[in-house]
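Step one of this worksheet: look at the structure below.
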2 protein chains.
Amino acid sequence: MIMKYKTVIVDDHPIVISGISGLLSDLDNIEIVDKFESGIALLDYIEDNKVDLILMDIFLPVINGVDLCKTIKQKHPRIVIIGMSSQSERSLVMQFIQNGGNGYILKNASFDEFKECIYKAIEGEIVFSEEVKTIISQPLSEDLERIPGLSRRERDIALLLSQGKSTQEIADDLFLSFLTVQTHRRNILQKYKMKNVAELIAFLLKNNMLN
Amino acid sequence: MIMKYKTVIVDDHPIVISGISGLLSDLDNIEIVDKFESGIALLDYIEDNKVDLILMDIFLPVINGVDLCKTIKQKHPRIVIIGMSSQSERSLVMQFIQNGGNGYILKNASFDEFKECIYKAIEGEIVFSEEVKTIISQPLSEDLERIPGLSRRERDIALLLSQGKSTQEIADDLFLSFLTVQTHRRNILQKYKMKNVAELIAFLLKNNMLN
DNA sequence: TAAAAAATACATTTTATCAGGTATTGTTCT
DNA sequence: AGAACAATACCTGATAAAATGTATTTTTTA
């Protein structure tokens with residue numbers, strides 16, 4: 001009897017689950033043991049069942065794929081995890097891999113790409129579909145990248161600023177001194193070389209750095 | 001012999017195409033005649049072939065689904081077109097329907113939802129999956145809708161505000177008095193009941209009212 | 001465990017914004 | 001022709017933000 005890789009699919013789109021199932025049914029050493037629409041359900045499942053390979057969407061409700069991957073890998077480092085998404089950013093892919101992910105595939109990949117990636121991943125390689133490769137190799141050249149990123153506290157404050165809160169209101173909301181919030185505001189403005197909060201909020205929203 | 005609805009799927013994700021194919025194969029009066037990964041290929045196809053139903057992704061390369069729908073409906077108003085996407089905004093759905101779309105389904109819809117929507121659409125109804133319904137029904141109930149819209153001058157000023165310009169700088173840029181700009185600022189803030197420019201910019205950007 | 005980064009806090013001066021009220025001159029639509 | 005809206009402009013007082021300089025504690029990471 002041949003050992004088959006026990007495989008689980010996690011995606012909140014039923015059609016995608018069905019599509020991947022169809023695809024994987026062609027591969028004779030892969031056995032789909034279950035499908036989930038959320039990460040929580042998956043976490044429960046892997047505590048009680050043997051799983052070798054997980055194909056997961058990155059944009060999931062409740063827990064996102066990047067965090068989910070980290071959580072799983074901490075307890076079950078041997079499980080091979082491949083991330084998937086429709087569109088992707090460089091930083092997201094890198095974060096996923098840093099959290100132990102074994103590969104990343106864009107959903108517009110061809111069936112052959114999918115199959116090849118899955119095969120290589122279970123053989124121990126870190127795999128990327130074609131478009132992901134171009135994404136992660138390109139944008140380092142432009143200086144558009146290398147945006148420092150807000151700290152958690154800074155993000156909290158930026159978010160409240162975007163809601164029209166004043167320094168005092170933010171201080172009250174976060175139980176901080178007025179002066180502390182003032183310092184954070186200044187640091188954020190300086191970090192991105194913004195003239196005022198209006199420009200800052202526009203910048204953060206355009207770069208999806210808020211929420 | 002039973003007449004089957006000649007159906008075409010357009011999606012740039014092979015897995016999704018496969019998933020929908022699987023789903024539709026359960027429906028015995030639907031016949032999938034072809035699948036495309038771009039709108040251009042579809043436009044060529046429908047010139048030479050009979051098509052009754054099209055299921056199309058809204059986010060497609062080259063031509064987006066909303067425009068594609070419009071183009072098709074102008075020449076072939078009888079073809080039933082259902083739009084699909086992973087996430088959605090109210091305005092996008094409304095635009096699709098205004099362009100002649102016969103329905104809109106979110107990809108996280110269940111199989112049953114999919115089937116029901118397709119059946120109802122070919123019977124002439126305008127159909128939405130559950131989550132789409134909540135999206136399009138929510139903001140109308142609140143007074144969030146009925147957004148007055150900026151005048152040209154107000155938009156000019158809002159745009160410059162989002163670029164971090166001060167009242168004086170804007171006045172200089174537009175050859176206006178400082179006091180005029182001040183009045184416009186106030187009017188804009190009052191119109192949307194915003195506390196300050198930061199909140200205003202966040203609001204305008206989230207509602208695509210700038211640019 | 002040492003260094004770096006983040007979070008906290010204080011004080012002051014200058015400048016800008018916000019909120020209030022008012023008013024004239026164009027446009028645009030009915 | 002008249003109403004409604006848009007754009008222009010002025011004044012002022014209260015408040016808030018921005019710029020500058022400094023410093024301690026906590027947390028994270030190399």
Side-chain angles (χ1 to χ4, degrees), chain A residues 66-67 70-71 73-74 91 94-100 145-205 209-211, chain B residues 146-205 209-210:
Chain A
V66 177
D67 294 340
K70 191 177 184 179
T71 308
K73 279 286 182 173
Q74 275 166 352
S91 63
M94 299 316 274
Q95 227 186 313
F96 185 76
I97 300 302
Q98 265 183 325
N99 282 358
E145 207 67 9
R146 199 83 316 130
I147 22 177
L150 294 164
S151 71
R152 343 164 204 6
R153 208 40 152 182
E154 286 172 346
R155 223 187 62 260
D156 292 345
I157 288 169
L159 188 65
L160 292 169
L161 284 172
S162 78
Q163 290 164 12
K165 300 268 176 94
S166 71
T167 303
Q168 189 58 62
E169 287 173 323
I170 294 170
D172 294 344
D173 280 14
L174 302 177
F175 304 105
L176 293 173
S177 155
F178 174 90
L179 298 151
T180 303
V181 177
Q182 199 170 269
T183 304
H184 280 301
R185 288 182 65 135
R186 169 178 42 177
N187 290 341
I188 302 170
L189 288 180
Q190 256 168 10
K191 185 183 280 186
Y192 302 111
K193 297 189 184 73
M194 296 287 148
K195 287 200 264 305
N196 54 41
V197 187
E199 192 184 12
L200 176 72
I201 297 301
F203 170 80
L204 294 177
L205 283 175
M209 291 168 72
L210 234 61
N211 264 351
Chain B
R146 196 85 320 124
I147 20 174
L150 294 163
S151 71
R152 335 158 209 12
R153 210 38 154 182
E154 287 171 346
R155 222 188 63 261
D156 293 343
I157 288 169
L159 188 64
L160 292 169
L161 283 173
S162 77
Q163 290 163 14
K165 300 268 175 93
S166 69
T167 303
Q168 188 57 63
E169 287 172 323
I170 294 171
D172 294 344
D173 280 13
L174 301 178
F175 305 105
L176 292 174
S177 155
F178 174 91
L179 298 151
T180 303
V181 177
Q182 201 171 266
T183 304
H184 280 300
R185 289 181 65 136
R186 172 180 36 177
N187 290 339
I188 302 171
L189 287 180
Q190 255 166 13
K191 185 182 282 185
Y192 302 110
K193 298 189 184 70
M194 296 288 147
K195 288 200 265 303
N196 54 41
V197 188
E199 192 185 13
L200 175 72
I201 298 300
F203 170 80
L204 294 177
L205 284 176
M209 292 168 72
L210 271 180

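Chain naming here is simple, since letters A, B, ... match the order of the sequence lines and numbering starts at 1 in each.
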Query - N/O donor-acceptor pair under 3.5 Å between A/Asn196 side chain and A/Glu199 backbone - result: yes
Whole angstrom value for the distance that separates [atom2] of [N] from [atom1] of [X]:
X        : N      : atom1 : atom2 : answer
B/Leu161 : C/dC18 : CG    : C1'   : 13 Å
B/Phe178 : C/dT15 : CZ    : C1'   : 10 Å
B/Arg185 : D/dT15 : CZ    : P     : 19 Å
B/Ile157 : D/dA9  : CD1   : C1'   : 13 Å
A/Gln190 : D/dA19 : CD    : C1'   : 9 Å
B/Leu160 : C/dT17 : CG    : P     : 13 Å
A/Lys193 : D/dA19 : NZ    : C1'   : 17 Å
B/Lys191 : D/dC5  : NZ    : P     : 11 Å

Query - Option among B/His184, B/Arg185, B/Gln182 that satisfies the side chain to side chain donor-acceptor pair (under 3.5 Å) test with B/Thr167 - result: B/Arg185
Given [options], which nucleotide is nearest the side-chain atoms of [X]?
X        : options               : value
A/Gln182 : C/dA7, D/dA19, C/dA19 : D/dA19
A/Asn196 : D/dA18, C/dA7, D/dA7  : D/dA18
B/Leu189 : C/dA19, D/dC10, D/dA7 : C/dA19
B/Arg186 : D/dC11, C/dA7, C/dG21 : C/dG21
B/Arg152 : C/dT8, C/dT22, D/dA6  : D/dA6
A/Ser166 : D/dA16, C/dC18, C/dA9 : D/dA16

Report task. Report yes if at least one side-chain N or O of A/Ser177 is closer than 4.0 Å to OP1 or OP2 of C/dC10; otherwise report no. Result -> yes
Query - Phosphate contact (C/dA9 OP1 or OP2) by A/Thr183 side-chain N/O below 4.0 Å - result: no
Report task. With the side chain counted from C-beta on, respond yes when B/Leu204 and B/Leu150 share a heavy-atom pair under 4.5 Å apart, and no when they do not. Result -> yes
Query raised in the report: Any side-chain heavy atom of A/Leu189 sitting closer than 4.5 Å to one from A/Leu200?
Result: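 The answer is yes; the side chains approach within 4.5 Å.
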Report summary line: Value for CG (A/Asp173) from CD (A/Gln168), rounded to nearest 0.5 Å, stands at 10.0 Å
**Report entry** Pairwise 5' ranking along DNA chain C for A/Leu174 and B/Thr167, keeping only the more 5' one
**Finding:**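 Nearest nucleotide further toward 5': that of A/Leu174.
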Query raised in the report: Under 3.5 Å, is there an N or O donor on one side and an acceptor on the other linking the side chain of B/Thr180 and the base of D/dA7?
Result: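 No pair found.
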